[in-house]
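For reference, the structure discussed in these notes is given below.
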Amino acid sequence: MVTVRAPATSANLGSGFDVFGVALDRPADVVHVERADRTTIEVTGVGSQYIPTDPDRNVVGAVAEALDAPAHIRIDKGVRPSSGLGSSAASSAAAALALNELYDRGLSREELVPVAAEGEAVVSGEAHADNVAPALLGGFTVATGEGVTTVDADIPLVACLPEIAVSTRDARRVVPDTANMEDIVHTVGRAATLSVGMCRRDPALVGAGMDDRIVTPARAELITGYADVRSAALAAGADGVTVSGAGPSVLAVCGERERTRVAAAMVEAFDEADVAARAYKTRVGSGAEVFDF
Ligand SMILES: Nc1ncnc2c1ncn2[C@@H]1O[C@H](COP(=O)(O)OP(=O)(O)O)[C@@H](O)[C@H]1O
Ligand SMILES: N[C@@H](CCOP(=O)(O)O)C(=O)O
């Protein structure tokens, strides 16, 4: 049996739609795999009642198929589905790494990124790699058609998860088809700033670089209380706030000392909008870990 723990991730970071992602040091999924003649799936943990066990509908089924690696796959969910925290990606990345090990396929973590992205296509309709890349490789990742670049950034974060479900598939439908040149120039400038901030491990630059005028405004509409939560986090000392992935989680970047205050302010602002929420005080973390038994 092979066991892999793969972390939650936050994609886009505002200005890097479908490109930027970070691994979070918590929460995480744990996936156990054992060789079998055909793939069967068992799911326990947070939100498991909403996750199909049919291999054609669970992301790990697509990964097993892509690696030609049938197995009994047991998923212990730590990352709530439809959270904007890369729940499907955590399972996909963990399964890809575990099955690669179980069947000795010899693929590198970089080579497993497109394999794990096949799982994302099952749930969102597109094989976007911006969650599976950091889930496999850790740190801050820039995923493009040409491959993945990683930066071993160490930045404190707060991920605030409200009790609202937003499916990535639905949230991709509100992404505008076109943008005007002024907004494109603004967003490219912010994305570049964010990348420099990650390289310098500078929360203020990362926060300034999150501002996006193209995708985030449309996504924010799907999250009850978003504007107030964002203002509350900034007032509590956050350097930048944006929608995490496709939402509904909201991601704040801040200094180490501000994290507790920012987390409390975000939960309270959701509460004032009549939405229960929990906040993970987290940071940019490592990629998936393998435990071989
Ligand atoms: N192993 C899995 N883990 C999480 N969600 C899964 C899994 N397999 C299939 N799904 C489905 O994927 C959807 C959640 O994925 P998604 O909308 O991308 O949310 P998230 O932002 O949390 O990744 C749900 O409909 C869920 O049933
Ligand atoms: N780039 C994707 C990221 C989706 O992230 P998730 O954590 O919500 O699955 C998108 O924005 O659609």
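Residue indices begin at 1 and follow the sequence shown. Order of listing sets the numbers, starting from 1, for every ligand and every atom in it.
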Hphob cluster co-occupancy, Leu222 + Met266, side-chain heavy atoms under 4.5 angstrom: yes

Where ligand 1 meets Val59 - atom numbers and elements under 4.0 angstrom, heavy-atom basis: 1 (N), 2 (C), 7 (C), 8 (N), 9 (C)

Considering only the protein, which heavy-atom contact is closest to atom 7 (C) of ligand 1, and what is its distance? Ile51 CG2, 3.6 Å

Side chain to side chain contact (heavy atoms under 4.5 Å, CB included) for Phe270 and Cys160? Distances and angles first, verdict last. CA-CA 9 Å; Phe270 266 126; Cys160 188; 3.7 Å; yes

Specify the protein heavy atom at minimum distance from atom 5 (O) of ligand 2: its residue, its atom name, and the distance to 0.1 Å. Asn131 OD1, 3.0 Å

Please state which part of Arg80 comes within less than 4.0 Å of ligand 1, counting heavy atoms only: side chain, backbone, both or neither. backbone

Closest to atom 25 (O) of ligand 1 (judged by heavy-atom distance), picking from Ser48, Ser83, Ser82, Pro52: Ser82

For atom 15 (O) of ligand 1, the protein heavy atom that lies nearest, with its residue and separation: Ser88 OG, 3.6 Å

Does Gly245 have a heavy atom less than 4.0 Å from any atom of ligand 1? no

Using a strict cut-off of 4.0 Å, indicate which atoms of ligand 1 neighbour a heavy atom of Gly86. 23 (O)

Check contact between Ala171 and ligand 2, using heavy atoms of the residue and a distance below 4.0 angstrom. no

Flag for Ser244-Ser249: side-chain donor and acceptor within less than 3.5 Å: no

Taking the side chain as every heavy atom from C-beta outward, state whether Ile73 and Leu99 have any pair of such atoms under 4.5 Å apart. yes

Of the protein's non-hydrogen atoms, which lies at the shortest distance from atom 8 (O) of ligand 2, and what is that distance? Ala246 N, 2.9 Å

For residues Asp211 and His186, is any side-chain donor paired with an opposing acceptor at under 3.5 Å? yes

Nearest heavy atom to atom 7 (O) of ligand 2 wins, so pick from Gly86, Gly245, Ser244. Gly86

Which heavy atom of the protein is the closest neighbour of atom 21 (O) of ligand 1, given with residue, atom name and distance? Gly84 N, 3.1 Å

Report the nearest protein non-hydrogen atom to atom 26 (C) of ligand 1: residue, atom name, distance rounded to 0.1 Å. Tyr50 O, 4.0 Å

Heavy-atom distances under 4.0 Å are what count here, so tell me which part of Ser91 touches ligand 1: side chain, backbone, both or neither. side chain

Identity of the nearest option to atom 17 (O) of ligand 1, non-hydrogen atoms only, from Thr168, Val123, Leu161: Thr168

Consider only side-chain N and O atoms of Lys77 and Ser91, and report whether a donor and an acceptor are under 3.5 Å apart. yes

Would Glu42 and Thr53 count as having a side-chain donor-acceptor pair, cut-off 3.5 Å? no

If the contact criterion is a heavy-atom separation under 4.0 Å, does Arg219 count as touching ligand 2? yes

Quick test: of every protein heavy atom, which one is nearest to atom 9 (O) of ligand 2, and how far off is it to 0.1 Å? Thr168 OG1, 3.0 Å

Is there a salt bridge (Lys or Arg N to Asp or Glu O under 4.0 Å) between Arg278 and Glu163? Walk through the geometry before answering. CA-CA 8 Å; Arg278 66 167 297 181; Glu163 281 187 18; over 6 Å; no

Six-ring centre of Tyr226, Arg230 cation under 6.0 angstrom, axis tolerance 45°: no

Any Lys/Arg nitrogen of Asp29 or Arg80 sitting under 4.0 Å from an Asp/Glu carboxylate oxygen of the other? no

Under 4.0 Å to a heavy atom of Ala11 - the qualifying atoms of ligand 2, by number: 3 (C)

Quick one: are Asp130 and Val19 in side-chain contact, heavy atoms under 4.5 Å? no

So which heavy atom in the protein is nearest atom 11 (O) of ligand 2, and how far is it from that ligand atom? Asn12 ND2, 2.8 Å

Provide, to 0.1 Å, the distance between atom 12 (O) of ligand 2 and the closest protein heavy atom, together with that atom's residue and name. Arg172 NH1, 2.7 Å

May I ask whether Arg57 places a heavy atom under 4.0 Å from ligand 1? yes

Any atoms of ligand 1 less than 4.0 Å from a non-hydrogen atom of Ile75? List them with their elements. 1 (N)

Ion pair Asp154/Arg283, N-O distance below 4.0 Å: yes

Answer with yes or no whether the side chains of Thr282 and Asp25 bring together a donor and an acceptor at under 3.5 Å. yes

Decide side chain to side chain contact (heavy atoms under 4.5 Å, CB included) for Glu221 and Val174; before the verdict, give the C-alpha distance in whole Å, the side-chain angles of both, and the deciding distance to 0.1 Å. CA-CA 10 Å; Glu221 300 282 318; Val174 306; over 6 Å; no

Consider ligand 1: state whether an atom of it lies below 4.0 angstrom from any non-hydrogen atom of Ala246. no

Nearest non-hydrogen protein atom, atom 3 (N) of ligand 1: Lys77 NZ, 2.9 Å

